[in-house]
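The next block holds one structure in the form of structure tokens; read it before the comments.
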Amino acid sequence: MCGRFTLTQDRKSIVEDLEVAEWSAAGEHRPRFNVAPTQSALVLTWSDEAPGSHRAVRDMRWGLVPGWAKDPAIASKLINARGESIAEKPSFRNLVGRRRCAVITDGFFEWKKDGKASVPHYIHDPAGKALPMAGLWDVWKAPDDTYLTTFTIVTTEARSDITFLHDRMPVILARDDLDTWLDVAHVPKEKALALVKAYAGPLETFPVSKLVNSVRYDSAEIIRRADPEVGTQGSLF
DNA sequence: CCAGACGTTGTT
DNA sequence: GTCTGG
DNA sequence: CCAGACGTTGTT
DNA sequence: GTCTGG
């Protein structure tokens, strides 16, 4: 699945890499090494406003709160959406044809489980390019009449070089597919659903330290390669 | 009709 | 909001 | 995803 | 064990 990701690029690099035409996110973007659920993150949406259709950056909170939710705490359960069932599940089906977005990342983490041990690994493009992930978003009206905009990340079966870590992975959108996913006004959901599949582009994977486990850490050391764990439990002799 | 659910993952 | 189950 | 909390009352 | 919060 996908429970943490990075966006280490700065604003200028994001704009160039993803050919962004409009930046409408609140606040400054600082490079992020440990984005966690419930935190604000950058997403791409399609804008049909003048001067023409284009990719726009916005900020939303990770963890979907459907419009009908009574308690926004549901967000922590809806950080991912199974691609195989987004067209049927009540929380997602109305969004597939109307509210698709691409979560801007340039890497993500998976924890490899070995019995009790859990070792985090980082997966990214060896060239450092962005890995936009298929997302769905919604708006929730709070009791005080303020609005909360949230998103979830669509997942699919892991491709063969990832399965040693986990059997699921986020849906990463190829550059050629990006606008098809984003343009909800002109692309029917059937065509968008065809993009829910494992990414075919280059990915590099390596173990990292457990610093990433705590959301308090959010710096470059998070994605430094760590030596494989050796003799953690009484095997020194 | 109303009430209640609405999700994913991993682990056993 | 919308669907399923009773 | 992992970390951390997990409770009420009355008094200050 | 299970839920909430980040």
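Per chain, numbering begins at 1; letters A, B, ... match sequence-line order.
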For the side chain of [X], counting heavy atoms from C-beta on, which of [options] is nearest?
| X | options | value |
| --- | --- | --- |
| A/Pro90 | C/dG1, E/dG5, D/dA3 | C/dG1 |
| A/Thr155 | B/dT9, D/dC2, E/dG6 | B/dT9 |
| A/Arg168 | D/dC2, B/dG7, B/dT9 | B/dT9 |
| A/Pro37 | B/dG7, E/dG5, E/dG6 | E/dG6 |

For [X] and [N], give me the distance from atom [atom1] to atom [atom2], rounded to whole Å.
| X | N | atom1 | atom2 | answer |
| --- | --- | --- | --- | --- |
| A/Arg61 | E/dT4 | CZ | P | 13 Å |
| A/Asn34 | D/dA3 | CG | P | 11 Å |
| A/Arg216 | D/dA3 | CZ | C1' | 9 Å |
| A/Gln39 | D/dC1 | CD | P | 16 Å |
| A/Met1 | B/dT9 | CE | P | 6 Å |
| A/Asn94 | C/dT2 | CG | P | 6 Å |
| A/Trp62 | B/dG7 | CH2 | C1' | 15 Å |
| A/Leu136 | B/dC6 | CG | P | 18 Å |

Could you work out the separation of [N] and [M] based on their [atom1] atoms and round it to a whole Å?
| N | M | atom1 | answer |
| --- | --- | --- | --- |
| D/dT8 | B/dC1 | P | 39 Å |
| B/dC6 | E/dG6 | C1' | 24 Å |
| E/dT4 | B/dG7 | C1' | 15 Å |
| B/dC2 | D/dT9 | C1' | 39 Å |

Would you say [X] places a side-chain N or O within less than 4.0 Å of OP1 or OP2 belonging to [N]?
| X | N | result |
| --- | --- | --- |
| A/Arg82 | B/dT9 | yes |
| A/Lys77 | E/dG5 | no |
| A/Arg93 | C/dT2 | no |
| A/Ser85 | B/dT8 | yes |

Residue matched to D/dT8 through Watson-Crick or wobble contacts both under 3.5 angstrom: none
For C/dT4, the Watson-Crick or wobble partner whose two distances fall under 3.5 Å: B/dA3
A/Trp137 side-chain N/O to A/Thr149 backbone N/O, donor-acceptor pair under 3.5 Å: no
Under 3.5 Å: donor-acceptor pair, side chain of A/Thr152, backbone of A/Asn80: yes
With a non-hydrogen cut-off below 4.0 angstrom, is [X] in contact with a base, only sugar-phosphate, or nothing?
| X | result |
| --- | --- |
| A/Ile74 | nothing |
| A/Thr152 | nothing |
| A/Arg4 | base |
| A/Ser76 | base |

Worked verdict on A/Glu110 versus A/His121 for side-chain hydrogen bond (donor to acceptor under 3.5 Å, both in side chains): CA-CA 5 Å; A/Glu110 296 286 358; A/His121 288 64; over 6 Å; no
Option passing ring pair (Phe, Tyr, Trp, His ring centres under 6.0 Å) with A/Phe109 (candidates A/Tyr122, A/Phe33, A/Phe206, A/Phe5): A/Tyr122
Heavy-atom neighbours of A/Glu157 CD exceed 12 at 6.0 Å: no
A/Lys112, NZ: over 12 other non-hydrogen atoms inside 6.0 angstrom: yes
A/Asp48/A/Ser53 under side-chain hydrogen bond (donor to acceptor under 3.5 Å, both in side chains): CA gap, chis, key distance, verdict: CA-CA 4 Å; A/Asp48 282 319; A/Ser53 300; 2.8 Å; yes
A/Trp68 aromatic ring stacked with six-membered ring of C/dT2, 5.5 Å and 30°: no
